[in-house]
Amino acid sequence: QLEVVESGGGLVQPGGSLRLSCAASRGNLEYYAIGWFRQVAGKEREGVSCISSTGTVTKYSAAAKGRFTIARDSAENAVYLQMDNLKPDDTATYYCAAVQADGTIATMQSAAYEFWGQGTHVTVSS
């Protein structure tokens, strides 16, 4: 029913910025809560940020708070993760995930999500 694709990853120096995109290539994100997760080889998948279907509820991990911003753009049928002041510890593969939910639901639990993108890699290094 829904297909999402991430983009925007790349190589940046510490202190730099990236904007990740989670776009619906099939379906409409209007009725879906969206989560951003990241994973490093050998480590557990980590919730980074999430947003409810209406955009009224947002959450951030301790690592992301104050540096990352999640937002919806209904006109583009996408959700963005603006990442500023990047650190080497932010290096990971970032995944977008979606689940149908009412506007009050935003969760950092990966098991709650049904649809996942292919991931986009972020490397922060000097």
Side-chain angles (χ1 to χ4, degrees):
Q1 183 175 349
L2 184 74
E3 184 176 281
V4 293
V5 59
E6 305 96 331
S7 62
L11 173 64
V12 296
Q13 294 186 3
S17 298
L18 286 172
R19 189 183 73 159
L20 304 185
S21 172
C22 174
S25 57
R26 185 190 304 273
N28 194 324
L29 290 183
E30 180 179 2
Y31 305 107
Y32 292 84
I34 301 295
W36 281 101
F37 299 83
R38 66 187 185 187
Q39 189 168 28
V40 177
K43 302 184 70 174
E44 294 183 344
R45 192 184 303 272
E46 173 190 10
V48 178
S49 185
C50 57
I51 189 167
S52 65
S53 61
T54 61
T56 58
V57 181
T58 59
K59 298 178 181 178
Y60 299 90
S61 68
K65 188 173 298 183
R67 299 187 298 123
F68 296 0
T69 304
I70 191 169
R72 307 188 73 105
D73 188 337
S74 59
E76 298 294 330
N77 200 14
V79 172
Y80 298 99
L81 184 68
Q82 178 68 41
M83 306 190 297
D84 297 320
N85 192 24
L86 285 161
K87 303 175 180 180
D89 284 349
D90 295 318
T91 296
T93 300
Y94 285 72
Y95 297 90
C96 169
V99 64
Q100 288 183 311
D102 67 42
T104 68
I105 301 299
T107 179
M108 302 280 264
Q109 296 293 323
S110 61
Y113 290 90
E114 182 176 5
F115 303 100
W116 291 78
Q118 83 290 346
T120 184
H121 188 68
V122 171
T123 300
V124 185
S125 177
S126 60

If hydrophobic clusters are built by linking Ile, Leu, Val, Met, Phe, Trp and Tyr wherever their side-chain heavy atoms come under 4.5 Å apart, do Phe115 and Leu29 end up in the same one?
yes
Hydrophobic clustering (ILVMFWY, side-chain heavy atoms < 4.5 Å, transitive) - are Trp116 and Ile51 grouped together?
no
Look up atom [atom1] in [X] and atom [atom2] in [Y], then write down how far apart they are to the nearest 0.5 Å.
X      : Y     : atom1 : atom2 : result
Thr107 : Lys59 : OG1   : NZ    : 6.0 Å
Ile70  : Cys50 : CD1   : SG    : 6.5 Å
Leu18  : Tyr80 : CG    : OH    : 14.5 Å
Tyr32  : Leu2  : OH    : CG    : 4.5 Å

ring-ring contact (aromatic ring centres under 6.0 Å, His included) filter on Tyr113, not counting sequence neighbours, yields Phe37
Quick note, disulfide (SG to SG under 2.5 Å) partners involving residues 83-126, not counting sequence neighbours, are Cys22-Cys96
Can you name the closest pair of heavy atoms from [X] and [Y] and give their distance?
X     : Y      : value
Ser52 : Ala106 : N-CB, 3.7 Å
Thr93 : His121 : OG1-ND1, 3.4 Å
Leu86 : Val12  : CD1-CG2, 3.6 Å
Val57 : Thr104 : CG2-O, 4.0 Å

Do [X] and [Y] come close enough that some side-chain heavy atom pair is under 4.5 Å?
X     : Y      : result
Ser17 : Gln82  : yes
Ser49 : Tyr60  : yes
Phe68 : Asp90  : yes
Thr69 : Thr58  : no
Met83 : Val122 : yes

Residues in side chain to side chain contact (heavy atoms under 4.5 Å, CB included) with Gln39, at least two apart?
Arg45, Tyr95
Could you go through Ile105 and Val99, starting from their C-alpha distance and side-chain angles, then the distance that decides it, and tell me whether this counts as side chain to side chain contact (heavy atoms under 4.5 Å, CB included)?
CA-CA 10 Å; Ile105 301 299; Val99 64; 5.9 Å; no
Please determine which of Arg26, Glu114, Gln100 meets the side chain to side chain contact (heavy atoms under 4.5 Å, CB included) test together with Gln1.
Gln100
